[in-house]
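All heavy atoms count here, side chains included; hydrogens, waters and symmetry mates do not.
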Amino acid sequence: MKEFEKHSEISTGENKIVAISTPIGRGAISVVRMSGCGVIDIAKTMFKPFPAEAGMLKLGKLDAKHFSDQAMCVYFVAPKSYTGEDMVEFQVHGGFSVADGVLKSCIQNGCRLAERGEFTKRAYLNGKMNLAGVEGIMDVIDAESISAVENGYKMLTGRLDDKINNLQDSLTDLLAQIEVALDYPEEDLEYITKDKVFQTINKVLKEITALSDTASKGRIIKNGVDIAIVGKTNVGKSSLLNALVGYDRAIVTDIEGTTRDTLSESYVYNDVKFNFIDTAGLRKTDDVVENIGIERTLQAAERADVILLVFDGGSIPKEYEEIKNNPKTVSIYNKADLVKHNQKDGISVSAKTGENVENLKQAIYDKIKADNVSNNDVLITNARHIDCLSRASQSLTAALDDKDNTLDCISLQIRESWQALGEITGTTASEDIVNRIFEKFCVGK
C-alpha cells in the first residue's frame, strides 16, 4: 500500500487560502479565515490598527475595498496555529453581504478559496493532528447529544491515538525480536520462542477485541437507538409517535391504513437519541401501496434496536406472537383512557392524554441499558475504524490458527495487523483514504 506522506516541517508554500468558517446567512457574527505564507501581510493592508501581537483579538476598521466594517482581527504565527501555518481570522458583522465581500477582497489580494476541509487537512499534513483526531472533529461537529460531543472530544485529544499507538508498539517490539531471531540465527543470543510470540499476539488480540466491542455503544452514542412502532391498523401508533416526540409529526385519522410508509422522527431522552419509526399497520389488504408499506414495516422491525408493539386492548392476535416474544420488543397497551388493561407483560399508556408516556421513554432507556452507554474511555463510533480493527484482528487470528507457521510467516501477518491499525491514526493510510475523509468536511473547516 502506498503510504500518504505527512510533511515533517511546516508548509510554507505561497498557496494562501481563505473561506467563511461560519454558516452563511443572517447572524450576529461571521468569521472569515485565511491560512498560508503571506496572509498576515494581506491582513495588514485590510485591517487597522493591526493587533500588536499574535493571539490578541483587536477591534478596528476592516477595509474590503467597496465597503468598510467595524470588525475584530486576530492572527497566529506558524507553527502555533490550527493549521500550523500563518493564520488570520476576521470577525465581521453577520449576514451574507459583509462576509462575502470580505472573502472576495481576500481573494483579490492573493488568496484562493479553500477546498472542503482544507484548513484541517493542512493541520494534518503539518503534524498538528492525526486522522483519528480529524475524525474526532467531525464527530464533535455532527454530534446530536452531549455524550457524542464528549466521545468526539476524546478522539480529538488523542485518547484513541494512545490506544492504537500502544498496540502498534507491542507489535513493533515483537517484530524486532522475531527479526533478530531470523537474521542472526548463529549468534549466541537469547531468541524469542514461538510460544512467547503467541502469548504477545493473544494479549494484543484481546485488547483489539475489547476496543472493537465498544462499537455497539459507540453506534448508540453517535447515531442513536432505532425504535420501530409496530401494530395492526388503528391501534394508535401514529398518535403514540406524536406523544413521544411532543408534537403532531404523523397524520392521525380514524381511517384504517392512513400510514402507508415508514415515518421517522428523533427525540433526545437522557442524552440518548431515540429514532422513532412509525410504520404501516399490519393487516391483510389488496391495496398494492399499503402492502409495500407493510413489507417495510417488517423490515423496520427486523433492523430496529427496540420494537414497540402496540395493542389497543383485547386478546393478542396470533400473528403478533413472534414479534411479541422477540427480546427487543416492548409491549404497549394504548388507549388507557378508554380501556382498562389487565396485562402485566407490558406498559399501559394513553397517547391521547399522555398517561405513562414518560414511563415508556424510561422503559426504552432501560431496555437498551443506556445508563451503561456513557463511558470514561473512548468508544469506537467510526465505520472506518471498525473495519481497520477487524482486519488487524483477522491477521493476528490467522497467525495463531496455524501452529506450524514459521516465524517469517507469522511476522508477515503481524505486519499486516500493524498496517491496519496504522490506518486509524493515518501513519499507514493511503492518499485516497485521506482525501475521502477530508471531502466530508465543510468549506472553512
Side-chain angles (χ1 to χ4, degrees), residues 135-157 159-160 210-211 213-231 236-250 262-279 300-301 303-310 326-334 336 344-383 386:
E135 288 164 315
I137 291 174
M138 283 295 296
D139 282 356
V140 170
I141 292 172
D142 294 337
E144 297 186 53
S145 66
I146 297 301
S147 52
V149 173
E150 290 175 346
N151 197 67
Y153 179 75
K154 289 172 187 174
M155 285 180 57
L156 169 61
T157 52
R159 294 280 286 277
L160 180 58
L211 193 55
D213 287 346
T214 67
S216 56
K217 290 182 180 180
R219 184 181 63 80
I220 290 175
I221 282 180
K222 186 172 184 177
N223 302 321
V225 184
D226 291 336
I227 305 162
I229 305 175
V230 177
K237 298 187 300 300
S238 296
S239 297
L240 182 61
L241 171 66
N242 292 341
L244 286 164
V245 300
Y247 74 103
D248 290 342
R249 174 66 177 88
T262 54
L263 177 70
S264 301
E265 189 57 72
S266 297
Y267 180 89
V268 176
Y269 180 80
N270 283 355
D271 202 38
V272 175
K273 184 183 174 188
F274 288 173
N275 303 313
F276 293 111
I277 307 160
D278 185 21
T279 65
R303 292 193 300 264
D305 300 300
V306 177
I307 300 171
L308 301 185
L309 183 55
V310 186
N326 191 314
K328 62 184 182 181
T329 295
V330 177
S331 295
I332 311 297
Y333 298 96
N334 193 20
K344 297 180 181 180
D345 60 347
I347 300 174
S348 178
V349 304
S350 171
K352 183 178 180 179
T353 66
E355 179 184 341
N356 273 347
V357 169
E358 288 302 311
N359 291 339
L360 173 55
K361 293 176 186 177
Q362 184 62 44
I364 297 169
Y365 187 82
D366 294 340
K367 186 76 172 176
I368 59 167
K369 297 181 173 58
D371 53 336
N372 295 323
V373 167
S374 51
N375 196 306
N376 290 328
D377 218 339
V378 66
L379 302 177
I380 299 299
T381 60
N382 188 298
I386 294 171

Check the surroundings of atom NZ in Lys361: do more than 12 heavy atoms from other residues, nucleotides or ligands lie under 6.0 Å from it? yes

What's the spacing between Ile141 CD1 and Met138 CE if we round to 0.5 Å? 6.0 Å

Heavy-atom count around Tyr153 OH within 6.0 Å, excluding the residue itself: above 12? no

Roughly how far, to the nearest 0.5 Å, is NZ of Lys237 from CD1 of Ile332? 13.0 Å

Is there a donor-acceptor pair closer than 3.5 Å between any side-chain N or O of Asp305 and the backbone N or O of Asp226? yes

Can you tell me if Asn326 uses its side chain to pair, donor with acceptor, with the backbone of Lys328 under 3.5 Å? yes

Return the minimal non-hydrogen interatomic distance between Asn270 and Gln362, and the atom names on each side. ND2-OE1, 3.8 Å

Please report the shortest heavy-atom distance between Asp377 and Lys154, naming the atom on each side. O-NZ, 3.4 Å

Does any part of the side chain of Leu360, heavy atoms only, come nearer than 4.5 Å to the side chain of Leu240, both counted from C-beta? yes

Using every non-hydrogen atom in the two residues, find where Asn275 and Ser266 come nearest and quote the distance to one decimal. OD1-OG, 2.7 Å

To the nearest 0.5 angstrom, please state how far the CG atom of Asn334 sits from the CG atom of Leu308. 11.0 Å

Would Val310 and Val349 satisfy side chain to side chain contact (heavy atoms under 4.5 Å, CB included), going step by step from the backbone distance to the final call? CA-CA 10 Å; Val310 186; Val349 304; over 6 Å; no

Among residues at least two apart in sequence or on other chains, which ones pass side chain to side chain donor-acceptor pair (under 3.5 Å) with Glu144? Lys273

To the nearest 0.5 Å, atom CE of Met155 lies from atom CG of Asn382 at 6.0 Å

So, the side chain of Thr214 versus the backbone of Ile380: is there a donor-acceptor pair under 3.5 Å, distance only? yes

Quick check: closest heavy atoms across Tyr267 and Phe276, and the distance to 0.1 Å? CB-CE1, 4.0 Å

Going from CG on Asn151 to CZ on Arg159, what distance comes out if it is rounded to the nearest 0.5 angstrom? 9.0 Å

Provide the closest heavy-atom pair for Ala336 versus Ser348 in the form atom of the first, atom of the second, distance. CB-OG, 3.3 Å

Do you know which two heavy atoms are closest between Ile146 and Asp271, and how far apart they sit? N-OD1, 2.7 Å

Not counting sequence neighbours, which residues clear side chain to side chain donor-acceptor pair (under 3.5 Å) with Asp139? List them please. Lys222, Thr381

Counting distance only, does the side-chain N/O of Lys352 pair as donor-acceptor with the main-chain N or O of Ala243 below 3.5 Å? no

Flag, side chain of Asp278 to backbone of Glu265, donor-acceptor distance under 3.5 Å: no

